[in-house]
Every structure is written in structure tokens, then in C-alpha cells.
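Written out below as C-alpha cells is the structure these notes cover.
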2 protein chains.
Amino acid sequence: MSTTPSTLGCAILGLLARRPSTGYELARRLDRPVGWFWTARHSQIYPELARLAEAGLVRYVESDGRGPLRNKRYRISAAGTRVLRAWVVAPHEPQPVRDLETLRLWSLWTVAPAEAITVVERARASHAGVLAAYEAELADVLGDPDCRDPGHPLFASRLTLEGGVRTREAAVAWCDWMLAELDERAESPVRGKAGGPRVG
Amino acid sequence: MSTTPSTLGCAILGLLARRPSTGYELARRLDRPVGWFWTARHSQIYPELARLAEAGLVRYVESDGRGPLRNKRYRISAAGTRVLRAWVVAPHEPQPVRDLETLRLWSLWTVAPAEAITVVERARASHAGVLAAYEAELADVLGDPDCRDPGHPLFASRLTLEGGVRTREAAVAWCDWMLAELDERAESPVRGKAGGPRVG
DNA sequence: TCTTCCATGTAACGCGTTACATGATTTT
DNA sequence: AAAATCATGTAACGCGTTACATGGAAGA
């Protein structure tokens with residue numbers, strides 16, 4: 001009957017399963033902490049909420065708004081919860097990776113070593129910044145004993161944040177490794193295929 | 001004068017900087033190994049090649065094709081190389097992450113522990129598969145001494161593949177950690193405030 | 001003979017971003 | 001007085017996917 005909603009629809013259902021919100025609040029929640037994994041603008045959220053409501057997956061109560069339009073506070077319905085659960089457990093094709101940073105590094109051989117080092121240093125700083133944010137968020141979550149309960153939202157928050165910390169730690173270590181490689185080559189550059197000091 | 005091309009345009013320039021190709025070949029190369037970080041269909045590639053040619057960033061020679069249309073073999077121009085280098089070293093905004101798998105895990109608290117374990121096991125298998133492919137590819141690259149030369153394409157291939165290996169290793173370890181957490185909780189479940197992993 | 005590969009394009013559609021539009025309340 | 005925040009929508013545009021369209025050569 002009801003077709004499975006879009007990924008954004010499922011993201012919104014996941015947000016509303018944790019607590020009811022207005023469209024505006026959803027837009028803000030799709031920054032931090034969910035926004036670490038998925039983002040959307042309000043211009044995308046309002047139409048999607050209308051679709052979800054029409055499909056019976058969410059309900060809303062209206063109230064007088066401060067602006068010219070009425071406020072709508074949405075909550076997930078029983079049918080919405082069923083759809084969300086089905087989406088979580090359904091097998092999914094592994095999505096193709098779109099990693100702009102790695103794509104740039106893939107052409108790093110075209111630039112001078114000094115510039116290459118700058119590029120990698122910037123990447124490292126970016127990863128380190130996100131890592132710090134993840135760690136702070138995770139520390140918050142760990143302070144609440146509910147994060148040990150597999151049926152509590154904070155349990156899932158803990159899982160995803162732990163993943164974020166681990167992958168960003170790996171990324172920072174990778175950048176450090178690249179910088180070591182670049183330093184080494186910059187000090188004793190390899191000249192062409194035919195000669196030069198070859199290492200390792 | 002010439003506006004910076006789209007990300008896809010820069011991806012294509014990066015491919016052509018390594019070696020000349022036809023549009024068809026580019027479509028295949030955007031599977032493996034570049035396709036690990038960026039993908040595109042031929043329906044997107046052909047128009048983009050036309051735009052790059054018009055901007056003078058690539059050139060092509062035509063020849064008789066086997067089908068009804070003429071073959072075009074593209075190579076990067078001097079201007080294209082300059083644009084590519086500038087794109088590699090330019091500072092870029094960190095792109096928002098769109099991670100469908102983590103988004104799903106973020107709602108993992110809504111499903112029964114047994115189902116949650118299945119979800120994580122599937123994720124682990126997926127990461128492990130990609131990891132194996134990266135490792136095989138990296139072993140290939142390491143067999144060529146050119147991969148130590150910072151000015152050689154294989155050097156950049158080595159950097160990116162090393163990053164892929166490291167992040168996927170971290171992802172597999174993360175999944176194992178999650179499975180341990182889920183097993184632990186499944187054996188001695190925490191009873192929430194309302195009792196059990198029940199979702200309203 | 002049928003399928004796959006080589007090879008190049010166009011068209012329709014969906015998702016996502018930026019910009020447009022409105023207007024009250026709170027903070028600086 | 002000006003800016004930011006709260007709050008909800010629409011419109012235009014770009015990127016990406018799927019499907020449409022064509023047709024020769026090679027292999028099963």
C-alpha cells in the first residue's frame with residue numbers, strides 16, 4: 001500500500017521517534033547530533049512532512065504561530081513506527097562512496113610536495129576538529145545510564161558516536177602517516193624511474 | 001575567465017591527467033579504483049566532457065567508431081592541468097557527511113536486540129568485503145616501485161588506498177565492538193523505566 | 001542465435017541547495 | 001534601531017540516476 005518513504009522521510013521518522021518536533025526544530029536537529037550523519041534544509045523538510053502526514057506515518061497538532069502561519073507539532077504514528085523499524089532492519093545495497101577529500105588526494109601527485117603537505121595538514125585539522133566534537137558529544141551521552149539500555153535512544157546515539165570517534169581517529173592517524181611519507185620523500189626525493197635513492 | 005568546473009569535471013580531469021581515455025573508458029574507470037571514492041554514469045560523463053572541451057580544459061581526437069557515432073579520445077590540456085592543480089590545493093569547506101548506514105544505526109534502539117545484531121552483522125560483512133578489495137588493490141600498487149615517487153600517480157593511489165584500508169579496518173572493529181555490546185545487553189538486559197526494550 | 005561488450009548520446013525524473021517571501025518576538 | 005531567532009512555506013536551479021535510443025563486433 002504505502003510506499004516506503006525516501007531516506008529523508010526515514011531520517012525524519014527517526015527524529016520524531018525520539019521526540020515530537022516542529023518542522024523548524026527538525027531542521028535544527030538535523031545539524032547536531034544527527035546532522036553528523038545526515039543533513040537537510042527546512043525547504044526540504046516541510047514538503048516531506050506533508051508527504052509523511054498524507055501517508056499517515058506522522059500526525060500533527062496545530063496551534064497559533066508567532067508568524068503569519070500556524071505552528072504544527074509533529075509526532076510519529078504507530079504506522080510510522082512500523083515503517084521505521086522495517087527500514088532499519090531491511091537489507092540495503094551498500095551505497096557508493098562519495099568522498100571529495102579522497103578524490104582530491106587521488107590527484108595529489110600532480111602538485112609539488114610542499115603544497116601536498118599543506119593539503120594533508122588541512123585535512124588532518126578538519127578530521128581532528130570533528131573528532132573533538134564527537135568525543136564531547138559521546139562524553140555527554142556516557143554520563144546518562146540510559147545509554148546502556150538497548151531500547152533507549154541514547155544507546156543508539158552511543159553506538160553511532162563511538163563509530164564516529166573510531167573512524168575519525170583512523171583518519172587522523174592516516175593523515176599523520178601521509179605527512180610522514182611526504183616528509184621522507186621531500187627530504188630524499190626519488191628521481192624518475194631509472195635511479196635515485198629508493199627507500200623501503 | 002573560466003569558472004572552476006564541477007566536482008565531476010575535476011574528477012574527470014584527474015582521470016585524464018593519469019592517461020587519455022574515451023568517455024566510455026572514463027565510465028569504466030569510475031568504477032574501480034577511482035570509483036571507490038567517486039562514481040558517475042556515462043550519461044553524466046558525456047555532457048561534462050563536452051563542457052570541459054568547450055572550456056579548453058581537455059582536447060580530443062576523433063576516429064571512426066564501431067557504432068553509428070564517432071569515437072572521441074580525450075586528453076587533458078595544459079590549462080586543464082593548471083585547473084586540476086589549483087583545485088587540489090585550494091581550501092575546501094568540509095562537506096557534510098551523508099552516511100546512510102550510520103543513519104540507520106541511529107534508530108537501532110527501536111528494534112529488538114536479535115534484529116539489531118543481524119543489522120550490525122550485515123554492516124560488518126559489507127565493510128569487510130570492501131576492506132579485502134582495498135587490500136588487494138593496495139598490494140598491487142605496492143608491487144610497483146613507482147608508488148614511492150611523490151610525482152607519480154601510483155603514489156597518490158597508494159595514499160588513498162591506505163586511507164581506505166585504515167578506515168574500513170576501523171569500521172570492522174567498530175562493528176565487532178557493537179556486536180559485543182549487543183550480546184552483553186541481550187544476555188543481561190537492562191530493564192528500562194517502563195520495562196524492557198519496548199517502544200511506544 | 002542470443003548475449004555481451006564497445007561506444008555515444010538524450011530525456012525524464014527525483015533529491016538537494018540556494019534564494020525568495022512573510023512577519024512576530026527577543027536580544028543586542 | 002538593528003539584528004538574530006522563531007516559524008512556515010514556495011520557486012528556480014543543479015547534480016545524479018534511470019531509462020530511452022542506436023548499432024557494429026565478438027563470443028557463447
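Letters A, B, ... mirror the listed sequences (proteins, then strands); counts begin at 1.
The CD1-P distance, from B/Ile45 to C/dA7, rounds to 14 Å in whole Å. Distance A/Glu48 CD to D/dT10 C1': 16 Å, rounded to the nearest Å. Between B/Tyr46 atom OH and D/dC20 atom P the separation is 19 Å, expressed in whole Å. What separates CZ of A/Arg29 from C1' of D/dC6 is a distance of 17 Å, to the nearest Å. When rounded to the nearest whole Å, the span between CD of B/Glu62 and C1' of C/dA7 equals 13 Å. In this structure, OH of A/Tyr60 is placed 13 Å from C1' of D/dG9, rounded to the nearest angstrom. The distance from atom CG of B/Asp64 to atom P of C/dT8 is 13 Å, rounded to the nearest whole Å.
Grouping the Ile, Leu, Val, Met, Phe, Trp and Tyr side chains by contacts below 4.5 angstrom, directly or via other members, places A/Leu138 apart from B/Val97.
Looking at heavy atoms from C-beta onward, A/Leu8 lies in side-chain contact with A/Gln44 at the 4.5 angstrom threshold. Annotation: side chain of A/Leu179 is not in contact with side chain of A/Glu184 (no heavy-atom distance under 4.5 Å).
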Sort me out a list of protein N/O and nucleotides 22-25 of chain C N/O pairs below 3.5 Å, or just none if empty.
from   : atom 1 : to      : atom 2 : distance (Å)
C/dA24 : O4'    : A/Arg66 : O      : 2.7

Every protein N/O within reach of nucleotides 12-16 of chain D N/O, cut-off under 3.5 Å:
from   : atom 1 : to      : atom 2 : distance (Å)
D/dG16 : OP2    : B/Gln44 : NE2    : 2.5
D/dG16 : O5'    : B/Gln44 : NE2    : 3.1
D/dG16 : O3'    : A/Arg98 : NH2    : 3.3

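Side-chain rings of A/Phe37 and B/Trp106 stay apart, their centers remaining 6.0 Å or farther from each other.
Residue pairs satisfying the salt bridge (charged side-chain N to carboxylate O under 4.0 Å, His left out) criterion with at least one member in residues 86-102 of chain A, sequence neighbours excluded, are absent. The salt bridge (charged side-chain N to carboxylate O under 4.0 Å, His left out) analysis of residues 152-168 of chain B, with sequence neighbours excluded, yields the pairs A/Glu181-B/Arg158, B/Glu162-B/Arg166.
With a 4.5 Å cut-off between side-chain heavy atoms of Ile, Leu, Val, Met, Phe, Trp and Tyr, the cluster of A/Tyr24 takes in A/Tyr46.
In this structure, A/Leu69 has no side-chain contact (heavy atoms from CB on, under 4.5 Å) partners at least two apart in sequence or on a different chain. Residues forming a salt bridge (Lys or Arg N to Asp or Glu O under 4.0 Å) with A/Arg51 (at least two apart in sequence, or on another chain): A/Glu48. Looking at residues two or more places apart in sequence or on another chain, you find a side chain to side chain donor-acceptor pair (under 3.5 Å) between B/Asp176 and B/Arg124. Remark: A/Tyr74 pairs with A/Tyr60 by the ring pair (Phe, Tyr, Trp, His ring centres under 6.0 Å) rule, at least two apart or across chains.
For residues 13-27 of chain B, proximity to DNA chain C is found at B/Thr22, B/Gly23, B/Tyr24, defined as any non-hydrogen atom under 4.0 angstrom from a strand atom.
Listed nucleotides: D/dT18, C/dT8, D/dG9. Nearest to the side chain of B/His42: C/dT8.
At D/dG9, one or more side-chain N or O atoms of A/Lys72 fall inside 4.0 Å of OP1 or OP2 (strictly under the cut-off). Between B/Arg28 and C/dA7 there is no side-chain polar atom (N or O) within less than 4.0 angstrom of OP1 or OP2.
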Identify each donor-acceptor pair in which a side-chain atom of residues 9-16 of chain B lies under 3.5 Å from a protein atom, sequence neighbours left out, and give them as a table.
none

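With salt bridges taken as basic N to acidic carboxylate O contacts below 4.0 Å, none links A/Glu62 and A/Arg73.
At its two ends the helix from C/dT1-D/dA28 to C/dT28-D/dA1 runs along axes set 30° apart, each axis drawn from five pairs and the angle rounded to 10°.
Atom CG of B/Leu105 is separated from atom CH2 of B/Trp174 by 5.0 Å, given to the nearest 0.5 angstrom.
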